[in-house]
Amino acid sequence: MEAANQTEASQFLLLGLSEDPDLQPILFGIFLSMYLVTVLGNLLIILASISDPHLHTPMYFFLSNLSLVDMCFTTTTIPRMLVSIQTQSQAISYAGCLTQVYFFMVFVGMDNFLLTVMAYDRYVAICHPLHYMVIMNPRVCGYLLLACWQVIIWVALWHILLVARLTFCVGTKIPHFFCELAQVLKVACSDILINYYIFSYLSATLLIIVPLGGILYSYSKIVSSLMRMSSGKGKSKAFSTCGSHLSVVSLFYGTGLGVYLSFLTTRESEKSSVASVMYTVVTPMLNPFIYSLKNRDVKGALGRLLSRAITCQ
């Protein structure tokens with residue numbers, strides 16, 4: 001291919017989940033509904049956590065931040081996809097694509113880190129209950145949150161700078177509904193060896209292995225502590241506070257690992273796209289339901305919030 005065809009691609013073509021015109025209205029309706037449910041559900045969790053004094057604890061501080069990140073997470077991808085379907089335009093600018101990659105990495109990384117911090121919070125609450133409010137004081141919670149943001153912002157920026165050095169052919173097509181880093185690397189016209197190894201190993205270590213290792217370590221300590229606990233009521237209460245978090249962790253990492261492994265083992269974009277829908281759309285949508293259905297404190301706070309809203313009308 002001539003060098004002229006490999007220089008500055010000003011835009012990419014996002015092929016979406018399907019190129020069948022008959023499916024576009026159906027996809028638009030499904031994803032619009034899922035997006036609205038995601039925003040509404042996570043917004044209710046945030047409002048309940050802020051307005052109810054019973055939820056002014058470290059656990060719900062991190063939960064409200066997780067809900068905020070989930071809203072931003074889906075907003076990075078779904079509105080752009082809906083506009084593309086509505087306007088029947090697959091084009092996305094080069095700068096727009098890199099911006100989407102950057103914010104997508106930031107928010108998916110924050111999901112990882114917040115789930116890890118929440119596991120640590122449960123470990124301290126169950127294994128060191130007498131020192132819980134001392135260890136997890138507001139200043140520590142703020143520092144933990146700030147550290148998570150700082151790490152992922154710089155990691156995502158590093159990836160973007162490495163992608164910016166690549167060249168792309170004019171008219172490059174990305175077989176996906178958004179600019180995901182793995183898919184962008186696959187369509188590059190230049191050598192991606194450095195990007196591949198950094199994405200495959202460094203990112204896997206920092207964004208998957210370390211957080212997941214922290215979660216598993218925290219829960220191993222929790223299980224060990226529960227085994228020594230004689231009170232059945234205490235065990236039941238501990239399990240109820242951990243059940244929601246474990247469900248969200250399983251859903252998020254199960255689908256996220258599916259995308260990561262599909263990048264390493266296959267070039268079939270369809271499998272990767274389906275797995276991406278699960279962890280970019282379905283998981284953020286289900287998180288509020290998981291926490292509200294399995295957590296009596298959240299259910300009570302949501303009930304009081306809705307009661308006040310009805311009373312004010």
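Residues Tyr60 and Ile45 form no side-chain contact, since every pair of their non-hydrogen atoms from C-beta on lies 4.5 Å or further apart. Between Met136 and Cys141 there is a side-chain heavy-atom pair separated by less than 4.5 Å. Side-chain contact between Cys97 and Val184 is present, with heavy atoms from C-beta onward closer than 4.5 Å. Between His54 and Arg304 there is a side-chain heavy-atom pair separated by less than 4.5 Å. Counting only heavy atoms from C-beta outward, the side chains of Leu66 and Met118 approach each other to under 4.5 Å. Between Met105 and Ile152 there is no side-chain heavy-atom pair separated by less than 4.5 Å. Using a 4.5 Å heavy-atom cutoff, the side chains of Met71 and Phe73 are not in contact. In this structure, the side chains of Ile135 and Val140 stay at 4.5 Å or more apart for every pair of heavy atoms.
For Phe103, the CZ atom counts as loosely surrounded, since its 6.0 Å shell holds 12 or fewer non-hydrogen atoms of other residues, nucleotides or ligands.
Criterion: ILVMFWY side-chain heavy atoms under 4.5 Å apart, direct or through other members. Under it, Val277 and Phe289 are part of a common hydrophobic cluster. In this structure, Val151 is not a member of the same hydrophobic cluster as Val210, with clusters built from ILVMFWY side-chain heavy atoms closer than 4.5 Å. Val37 is connected to Ile26 through a chain of hydrophobic side-chain contacts under 4.5 Å among Ile, Leu, Val, Met, Phe, Trp and Tyr, so both are in one cluster. Residues Ile209 and Tyr253 do not share a hydrophobic cluster, defined by chaining ILVMFWY side chains whose heavy atoms lie under 4.5 Å apart. Linking Ile, Leu, Val, Met, Phe, Trp and Tyr whenever their side-chain heavy atoms come within less than 4.5 Å leaves Tyr120 and Tyr217 in two separate clusters.
A tilted orientation is assigned to the rings of Phe177 and Phe31, their planes being inclined by 30° to 60°. Between Phe178 and Phe104, the ring planes are tilted. Angles from 30° to 60° get that label. Classification of the His245-Tyr219 ring pair by plane angle, with boundaries at 30° and 60°, yields parallel.
Between Pro211 and Asn112, the shortest heavy-atom contact is CB-O, 4.1 Å. Closest non-hydrogen pair, Cys242 versus Ile126, comes out as SG-CD1, 3.5 Å. Residues Ala156 and Val106 approach most closely at CB-CG2, 3.7 Å, considering heavy atoms. Closest approach of Thr167 and Ser190 over heavy atoms only: N-OG, 3.0 Å. Considering all non-hydrogen atoms of both residues, Pro284 and Thr280 come closest at CG-O, 3.6 Å. Closest approach of Ser225 to Cys127, counting heavy atoms only: CB-SG, 3.7 Å.
Atom CG of Leu115 and atom CG of Asp111 lie 6.0 Å apart (nearest 0.5 Å). Rounding to the nearest 0.5 angstrom, the gap separating the CG atom in Leu114 from the CG atom in Leu145 is 6.5 Å. Interatomic distance, CG of Leu14 versus CD1 of Ile92, reported as 5.0 Å (0.5 Å rounding). Separation of atoms OH (Tyr143) and CG (Leu146) is listed at 9.0 Å; rounding is to 0.5 Å. Atom CD1 of residue Ile85 and atom OG1 of residue Thr87 lie 9.5 Å apart, to the nearest 0.5 angstrom. The CD atom of Gln90 lies 10.5 Å from the CD atom of Gln11; values are rounded to the nearest 0.5 Å.
Formation of a donor-acceptor pair under 3.5 Å by the Ser84 side chain with backbone atoms of Arg80 is not found in this model. Between the side chain of Ser250 and the main chain of Leu246, a donor-acceptor pair closer than 3.5 Å is present. At distances below 3.5 Å, not a single donor-acceptor pair connects side-chain atoms of His176 with backbone N or O atoms of Leu15. The main-chain N or O of Val39 is never found under 3.5 Å from a side-chain atom of Asn42 such that the two would form a donor-acceptor pair. Of the possible donor and acceptor atoms, one in the side chain of Thr99 sits under 3.5 Å from a partner among the backbone N and O of Ala95. Within the 3.5 Å criterion, the main-chain N or O of Thr76 finds a donor-acceptor partner in the side chain of Gln100.
Judged by distance alone, the side chains of Thr75 and Tyr35 do bring a donor and an acceptor atom under 3.5 Å apart. A side-chain donor from one of His128 and Tyr123 sits under 3.5 Å from a side-chain acceptor of the other.
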Any chance you could lay out the side chain to side chain contact (heavy atoms under 4.5 Å, CB included) test for Ile174 and Leu13, step after step, and finish with the verdict?
CA-CA 6 Å; Ile174 300 176; Leu13 297 177; over 6 Å; no

Check the pair Met34, Ile78 against side chain to side chain contact (heavy atoms under 4.5 Å, CB included), reporting the backbone distance first and the verdict last.
CA-CA 9 Å; Met34 294 172 76; Ile78 303 305; over 6 Å; no

Worked check of side chain to side chain contact (heavy atoms under 4.5 Å, CB included) between Phe61 and Asp121
CA-CA 11 Å; Phe61 169 74; Asp121 172 76; over 6 Å; no

Apply side chain to side chain contact (heavy atoms under 4.5 Å, CB included) to Leu185 and Val163, showing your working.
CA-CA 8 Å; Leu185 292 181; Val163 172; 4.3 Å; yes

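Put simply, the residue from Leu162, Val155, Ile160 that forms a side-chain contact (heavy atoms from CB on, under 4.5 Å) with Trp158 is Leu162.
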